[in-house]
Amino acid sequence: RMGDPIDLQWHTSIYGTARHLIGETIRPWPYVHKICESLETCIQEPNGRLILCMPSRYGKTVWLRWAIIWALHNNPSMRILYFTHSEILAIKTGRETMETVLAHSATLVITLSRKRAWQSEWETSEGGGLIAQSLSSHVYGRPADLILVDDPIGSFLDAHSPTMRNNAYEQIRGPIRTRLDNQDAS
């Protein structure tokens, strides 16, 4: 709707970006605004960190996808690494994020590069982009400005296994953290 304050400055927030692009289909649950505001602060602040502990099916992955789109719209040269517990979820997240960018290319300032545009790895024309992989994947030689880890542990049983929790922690603390260009952010 023209004249709606959220519509005039849609690109200033993750929620505003999502609402502007897909309309009224977003339910404005109070926790959604808190997730978006927390993600925005984390992305914008040097050395920003955020841990969201929420039950399944509350939209963490959906809002992380919107955070990626918002971050790249505001900084198309940002290099983002996204990790999750499974390769299938990583590919799905990468694909759905890319499809959203393509579907709204007339509105967003994100232009995808032709040289790299796979489902789980794509670049912008400005050298930014997204690499989405499982936590156990290797990303040697791939620097990042932003690292997102979504659901590092996949199942209830794994979550209650000290070995699985420690493996996820060591993967994040070791090889993944070293991908940040700003090592002070680790």
Are the side chains of [X] and [Y] in touch, meaning some heavy atoms are under 4.5 Å apart?
X      : Y      : result
Arg114 : Glu123 : no
Gln171 : Leu135 : yes
Arg79  : Pro143 : yes
Ile80  : Ile131 : no
Leu112 : Val101 : yes
Leu146 : Met78  : yes
Trp122 : Thr97  : yes
His33  : Cys36  : no

Taking atom [atom1] of [X] and atom [atom2] of [Y], what is their separation to the nearest 0.5 Å?
X      : Y      : atom1 : atom2 : answer
Leu148 : Thr84  : CG    : OG1   : 11.0 Å
Leu89  : Asp150 : CG    : CG    : 6.0 Å
Tyr82  : Ser120 : OH    : OG    : 12.0 Å
Glu126 : Asn75  : CD    : CG    : 9.0 Å
Glu45  : Leu50  : CD    : CG    : 10.5 Å
Leu157 : Met164 : CG    : CE    : 10.0 Å

When hydrophobic residues are tied together by side-chain contacts of less than 4.5 Å, even through go-betweens, does [X] share a cluster with [Y]?
X      : Y     : answer
Met54  : Ile51 : no
Val109 : Leu21 : no
Val62  : Leu52 : yes

Ion pair present between Lys92 and Glu99, side-chain N to carboxylate O less than 4.0 angstrom? no
Heavy-atom donor-acceptor pair, [X] side chain to [Y] backbone, under 3.5 Å:
X      : Y      : result
Thr124 : Ile110 : no
Thr12  : Gln9   : yes
Thr17  : Ser13  : yes
His73  : Leu108 : no
Tyr31  : Tyr58  : yes
Arg179 : Ala144 : no

Begin from the C-alpha positions of His85 and Asp158 and carry the test side-chain contact (heavy atoms from CB on, under 4.5 Å) through to its verdict. CA-CA 10 Å; His85 65 276; Asp158 287 348; over 6 Å; no
So which atom in Pro152 and which in Val149 form the shortest heavy-atom distance, rounded to 0.1 Å? CB-CG1, 3.8 Å
Atom pairs and distances, donor-acceptor, side-chain atoms in residues 37-44, under 3.5 Å, two or more places apart:
from  : atom 1 : to    : atom 2 : distance (Å)
Ser38 : OG     : Lys34 : O      : 2.8
Glu40 : OE2    : Ile14 : N      : 2.7
Thr41 : OG1    : Glu37 : O      : 3.0

With Ser136 via side chain to side chain contact (heavy atoms under 4.5 Å, CB included) - residues at least two apart: Ser134
Counting only heavy atoms not in Arg165, do more than 12 sit closer than 6.0 Å to its CZ atom? yes
Test salt bridge (charged side-chain N to carboxylate O under 4.0 Å, His left out) on Glu170 and Arg177 and set out the steps. CA-CA 10 Å; Glu170 289 301 324; Arg177 186 177 71 176; over 6 Å; no
Do Ile91 and Trp118 pass the side-chain contact (heavy atoms from CB on, under 4.5 Å) test, and can you show the C-alpha distance, the side-chain angles, and the key distance before you say yes or no? CA-CA 9 Å; Ile91 291 169; Trp118 303 306; over 6 Å; no
Take Asp151 and Lys60 through the salt bridge (charged side-chain N to carboxylate O under 4.0 Å, His left out) test and state the conclusion after the steps. CA-CA 9 Å; Asp151 291 332; Lys60 291 183 305 288; 3.8 Å; yes
Steps toward side-chain contact (heavy atoms from CB on, under 4.5 Å) verdict (Leu130, Glu121): CA-CA 6 Å; Leu130 175 68; Glu121 183 175 346; over 6 Å; no
Ignoring hydrogens and angles, write down the donor-acceptor pairs under 3.5 Å from the side chains of residues 63-72, residues two or more places apart or on other chains.
from  : atom 1 : to    : atom 2 : distance (Å)
Arg65 : NH1    : Glu96 : OE1    : 2.9
Arg65 : NH2    : Glu96 : OE1    : 3.4
Trp70 : NE1    : His11 : O      : 2.9

